[in-house]
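Presented below is the structure to which this report refers.
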Amino acid sequence: MTLTSEVRFLKGVGEARAKILEDKGIRTVEDLLYYVPRKYQDRRDPKAIAELTAGETATVVAQVAGAQLRQLRRGPTLFEVTLIDGLHRLACKWFNSNYLERVFRPGQLVAVFGRVEYDKYARGLAINQPDYEILMQEGEAPPEDLGHTLEVGRIVPIYETAAYGKLNSRFFRRRIWQALEEVPNIFDPLPVTVRDKLAMPNRGDALRHTHFPEDSEDLAALAAVRSPSQLRLIFEELFFLETGLELKRARARRAQGQSLPVNDAARSKIRQILPFALTAAQQRVIAEIEADMAAERPMNRLLQGDVGSGKTIVAVQAAIVALENGCQVAIMAPTEILAAQHLHYFHNLLGALGYQVAMLAGSQTAAQKDRVKHLIAKGLVHVVVGTHALLEQDVDFASLGLIVVDEQHRFGVVQRMQLMKKGRWPDVLVMTATPIPRTLSLTLFGDLEVSTIDELPPGRRPILTRHKRDENAPEVYDFVRGHVKAGRQAYIVYPVVEESEKQDVKSVISGHRRLSSDVFPEFRVGILHGRMKAEEKERTMADFQAGRIQILVATTVIEVGVDVSNASVMVIEHAERFGLAQLHQLRGRVGRGAQQSYCILVTYGQLTDEGKQRIAVMRETNDGFRISETDLRLRGPGEFFGTRQSGMPAFRIADLLRDAEIIELARKEARGFIESPPSREALVELVTYVKEHWSRRYGLVQVG
Ligand code: ADP
Ligand code: MG
């Protein structure tokens, strides 16, 4: 067997289990070996019951004498297992765990792990809620003798189970042990110079000791995922990722792009259309962008700035520079509503200069799309704003010079590259309002330079955020009424379009019905959600923009980009159901004018701890960076970035939050190695390995 052999050929796996493993992303022996323990248990010194004393934490190996499920007088059920070992007994107790009845049988040999206490009901020793493992069924022979030594008398790895426990920890432990036996020589792709420099174990040893630590291993380090073996595996994963990114950067640096300098024509046109004085931060990032565009190598820049910081006008200026150099500009937005907003914004400013701005979106008819595509190919449309539709194969540009991707967190690296192929190394400007903690942005956008707008346009007052419970709705409505009477506008957001039997959640449709006829009969109340036709949505947005609609009841379709500066109240119904990033984005729809704006978070029912923390941080700060960091901490990187779609690599061992300083190290070492490799062969070897193994996985298309 080799690392690339499929796991279904391992003894004890077979087709059915292979299918379950595949769903966990485990197809090959290598995948299995990288399925690392979730935690470890110290079973080096299992105790006999007779040796136990109250107060200690211990592993006990003993036989099940009996098990009993009881209904306690008030409330919970109690499941109790009695273990015996000679004349000595130990009680193990679990509350509300009826399923354990199917797990424990008299005669089994089990290991339990937990804190031993004196139990006054049992008048003897007991462990409450112990971790447990069935070592042997009654009469079962230990499988080839290894079962016993793998599961007791050592630091034992505990794995996340699969298919609701069908594949338990013991299954993984045995199969992994077996895989390590079958593949004794594990090739180590980490350059030996790097490994020696950092005094790291080789890959085979690292894997072996991560799964089956030596008895001398430091348990605290293992628990913190900081044993030398674990560190080596984390480092390896990040090192290859950073190598891939470094190769991409090197390639982009070598690429021959076009030089698009800011000429006099561009300067004067920008002056002509600029609707306001730019903030110092906007000026600074524009200078950075202009320098990139003027250079021969293609621009690859990430522009981050909180909601409302004024990124769009920066993109408009970059567009003018490209246009005045005879190039076309493509602007990609994640939703049609946002694309439509951009269409208006760009059309208003650039139309006046004689440029043709058009839209390309999925909801257009085939004939409409064909016409726009034709004009783009002929160079008759200068700026095209669109959604994913821009990526379609048959969208050809006459001379694409600049790509602007708005709200990058919704698109992956792959989509960006797809769009880039439609020109000859066009300049790329990526914009995001979801600020990303530095180490993460290095990883996620490692191939991009970063510009930050860290200042809001003048005269903005920080939005005040309040939290109300649903029973205080009348108070909230009165508040909205006051503002609308004073000439302002308001948004009221709901989490779902329609109500369903399954969930007790208020919807846009019923909310709109009630608000327009019962609560605010005196106002014009509009509705906006994703199931409406594109023209209806656009008409509603235009009506809201023009003030013909005073209160807009909507779903999160308005989450990004929507820009109506007269709107000063944002009510979010069922705020407990939204993630932090979403709440922050939604709140960013107000506070765009000079008047004081408010965001009211209305929650229903009991809040979870996490829900409480989300509301608290929203009330405390308007700072997108802080919110983003809290969000990341609460949800973890996987959830934070959404699916693989977002371009975020799915790590096997590394954790971007926990391992921030290892990312830095990996980056430094990868760069150092590529810049001055010990030998040409060593470099070729590494590049080949990264290309073969990592590009598919991490979406590093066309590395090197
Ligand atoms: P975002 O960065 O969230 O995309 P926008 O580009 O939509 O922000 O800008 C938010 C609002 O602020 C828009 O109405 C925009 O016209 C306005 N704005 C941007 N820059 C300035 C500025 N320097 N002075 C005044 N208003 C500005
Ligand atoms: Mg924007």
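Because the structure is predicted, anything quoted here is derived from the model rather than measured. These numbers come from the heavy atoms of this one structure, side chains and all, not from hydrogens, waters or symmetry mates. Note that ligands are numbered from 1 as they come in the structure, with each ligand's atoms numbered from 1 the same way.
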query = For atom 4 (O) of ligand 1, which of Ile453, Leu278, Thr312 has the closest heavy atom?
reply = Thr312
inquiry  = Counting only nitrogen or oxygen atoms and a 3.5 angstrom limit, does Gly308 reach ligand 1?
reply    = yes
key: N or O contact, Phe276 vs ligand 1, cut-off under 3.5 Å   = no
inquiry  = Does only the side chain of Arg460 get under 4.0 Å from ligand 1, or the backbone, or both, or neither? Count heavy atoms.
reply    = side chain
note = Short version for Lys311: what comes under 4.0 Å of ligand 1, heavy atoms counted, is both
Straight-line distance of Ile551 CD1 to His512 NE2, nearest 0.5 Å = 10.0 Å
query = Between CD of Gln304 and CG of Asp306, what distance do you get to the nearest 0.5 Å?
reply = 10.0 Å
ask   = Just which atoms of ligand 1 are under 4.0 Å from any heavy atom in Thr279?
value = 23 (N)
request  = Mark up the atoms of ligand 1 that fall under 4.0 Å of a heavy atom belonging to Ala277, in ascending order.
outcome  = 22 (C), 23 (N), 24 (N)
inquiry  = I'd like to know if Arg301 pairs up with Glu288 as an ion pair, taking the criterion as any Lys NZ or Arg NE/NH1/NH2 lying under 4.0 Å from an Asp or Glu carboxylate oxygen.
reply    = yes
Arg539 and Glu535 ion-paired at < 4.0 Å = no
query = Name the one of Tyr477, Tyr491, Tyr598 that satisfies ring-ring contact (aromatic ring centres under 6.0 Å, His included) with His483?
reply = Tyr598
